[in-house]
Amino acid sequence: MNTKRSKRSRGPSLAFVILATTVVASACATDEVERAKTPTPDYITLTYTHDVEQEGEDETRMDMELWEYDPATTEAVRRFATEYTSQYPLGFYDKAHQVAYYTKQSEQGGDQIYRTDLQTNEETALTEPLTAVNYIYPLEDRVLFVACLKGMRNLRLGAIDKKTGDISYWEPEPDMEPGGSRHGGVEDASIEAFTVDEAHERIYLSVFSEGKRQHSIENQNNQDGQNNFQMPIHTVYETDYALQHTESLFSEPEWVRTVMANGDHVLALSDKRYNDPTGASTLIDYDREHRSIVKTPWTASRLQVGDANYASDGKIIYGIAIVDDKRGLYAYDIDTASFTARFVPEDGFVNNITVVKR
């Protein structure tokens, strides 16, 4: 399994937003933090890619768009569009601040994080030393992200200070266990899944050893042709917004591919093998108050890697799924165990979503 997510494609032609571009590698616009805001109810920000016909050109261009889905009105609205140039299309529409965050390839190489103020159409580069980005989540005073740094193989959690542009990183100590270690610390700990609990100002991470994964990949085929790949242990951690105070919650010898927050519970979906559509997932429910775990089989349609999360009421899980051979955003009702399509385009591709609970 590659640490970088793959490109997605195909879709209808839609209008393109013309941007006034200012490339700055330091701070975000300072007025974003001071800009008047009111709390926003739940919404889902989606990244969607599709082909665009270019007049007078033989080849099509691919655009990346950020859409907002409003659960209250069940309406989806496009909020931003730009040409798709990154390895993996990724974005976040910040409704409260009217800012779009997204990735694109920089002139120096590698995928970097950019922001565009939707009131002024001014674009700002926020990062330089990255190769690929898997998650973006803006908070009031910082922008959280998970990315691979140049020269490294593991995916790290970082935070960009909105006022200064300074970037800090989560630096876990080696996590030891009897007979070995779960990971070797900063240069080895790799983040598989990530979610933010704004109600309690917590970040949850699924982390594994990149070195152990690479060792298993290199030695997975034995002489008789059997696959003896050993899944590295995945540990779910809780850390704070300052990335300073970290606690290990639970570990599994499985691929913990999705982490979700619901009240005082941390939930995860795990698989025994990578990208096995036929294998059953396990829903792990960790109760923070009682420090207890309940595991149940996930018997509904498979939720795609990484992006699912609960609504604030705890009754719905929003996620990307394939239902009746149609892929898109679905609402899964916990009580009825049923899926309802919410954003399922005929063409193009829904790459990722984030459930925003503020």
Enter the distance from [X]:[atom1] to [Y]:[atom2] here, rounded to the nearest 0.5 Å.
X    : Y    : atom1 : atom2 : result
T47  : N351 : OG1   : CG    : 6.5 Å
T164 : R142 : OG1   : CZ    : 10.0 Å
K212 : D188 : NZ    : CG    : 8.5 Å
E140 : D94  : CD    : CG    : 8.5 Å
L90  : I136 : CG    : CD1   : 4.0 Å
R153 : E210 : CZ    : CD    : 6.0 Å

Given the rule that I, L, V, M, F, W and Y join up when any side-chain heavy atoms are under 4.5 Å apart, are [X] and [Y] in one cluster?
X    : Y    : result
I320 : I44  : yes
Y135 : Y237 : yes
L243 : V196 : yes
V259 : L249 : yes

With no hydrogens and no angle check, is any side-chain donor or acceptor of [X] less than 3.5 Å from a backbone partner on [Y]?
X    : Y    : value
S190 : L155 : yes
D240 : H245 : yes
K326 : E346 : no
N134 : V146 : no
D166 : D161 : no
Q112 : E128 : yes
K95  : E68  : no
H234 : S206 : no
T45  : Y93  : yes
N352 : P89  : yes

Any side-chain heavy atom of [X] sitting closer than 4.5 Å to one from [Y]?
X    : Y    : result
L157 : Y169 : no
H265 : E289 : no
R291 : Y286 : yes
L130 : L149 : yes
T82  : D63  : no
I113 : F145 : yes
R202 : T195 : no
V356 : D42  : no

Checking side chain to side chain donor-acceptor pair (under 3.5 Å) for the pair T282/W298: CA distance, chi angles, key distance, verdict? CA-CA 5 Å; T282 298; W298 179 265; over 6 Å; no
Around atom [atom1] of [X], are there more than 12 heavy atoms from other residues, nucleotides or ligands closer than 6.0 Å?
X    : atom1 : result
H200 : NE2   : yes
Q230 : CD    : no
D324 : CG    : no
K150 : NZ    : yes
E173 : CD    : no

Below 30° counts as parallel, above 60° as perpendicular, anything between as tilted: where do the rings of [X] and [Y] land?
X    : Y    : value
W67  : F343 : tilted
F339 : Y332 : tilted
F194 : Y137 : perpendicular

Y69 six-ring face occupied by R342 cation (under 6.0 Å, within 45°): no
What pair of heavy atoms forms the shortest contact from [X] to [Y], and how long is it?
X    : Y    : value
A321 : Y330 : O-CE1, 3.3 Å
L126 : I160 : CB-CD1, 3.9 Å
D111 : A132 : CB-CA, 4.2 Å
I334 : I316 : CG1-N, 4.2 Å
I284 : K295 : CG1-CG, 4.3 Å
E65  : A81  : CG-CB, 3.7 Å

D264 vs R288, test: salt bridge (charged side-chain N to carboxylate O under 4.0 Å, His left out). Steps then yes/no. CA-CA 6 Å; D264 213 31; R288 293 185 70 261; 3.1 Å; yes
F208 and W255: CA distance, side-chain angles, deciding distance, ring pair (Phe, Tyr, Trp, His ring centres under 6.0 Å) verdict: CA-CA 9 Å; F208 65 94; W255 180 32; 9.6 Å; no
Check for me whether the distance between the ring centres of Y101 and F92 falls short of 6.0 Å. no
What verdict does the side chain to side chain donor-acceptor pair (under 3.5 Å) test give for Q105 and T85, after you've listed the backbone C-alpha separation in whole Å, the side-chain angles of each residue and the deciding distance to 0.1 Å? CA-CA 6 Å; Q105 190 174 67; T85 62; 5.8 Å; no
Salt bridge present between R358 and E198 (N-O < 4.0 angstrom): yes
Looking at R213 and E218, is there a salt bridge between them, counting it only when a charged N and a carboxylate O are closer than 4.0 Å?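 A salt bridge is absent here (no side-chain N lies under 4.0 Å from a carboxylate O).
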Show, in sequence, the C-alpha distance, side-chain angles and deciding distance for E252 and K272, and conclude whether the salt bridge (charged side-chain N to carboxylate O under 4.0 Å, His left out) test is met. CA-CA 10 Å; E252 291 293 330; K272 295 185 181 302; over 6 Å; no
Run the salt bridge (charged side-chain N to carboxylate O under 4.0 Å, His left out) test on R257 and E192 for me, step by step, so that the C-alpha distance in whole Å, both residues' side-chain angles and the decisive distance to 0.1 Å come before the verdict. CA-CA 6 Å; R257 58 185 181 84; E192 180 64 51; over 6 Å; no
Which residue in the set Y84, Y48, F80, Y88 passes ring pair (Phe, Tyr, Trp, His ring centres under 6.0 Å) when paired with Y102?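 Filter result, single survivor: F80.
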Would D271 and S281 count as a side chain to side chain donor-acceptor pair (under 3.5 Å) here? Give the steps. CA-CA 5 Å; D271 293 354; S281 297; 2.6 Å; yes
Using the side-chain contact (heavy atoms from CB on, under 4.5 Å) rule, pick out the option among D197, N309, L267 that qualifies with N262. L267
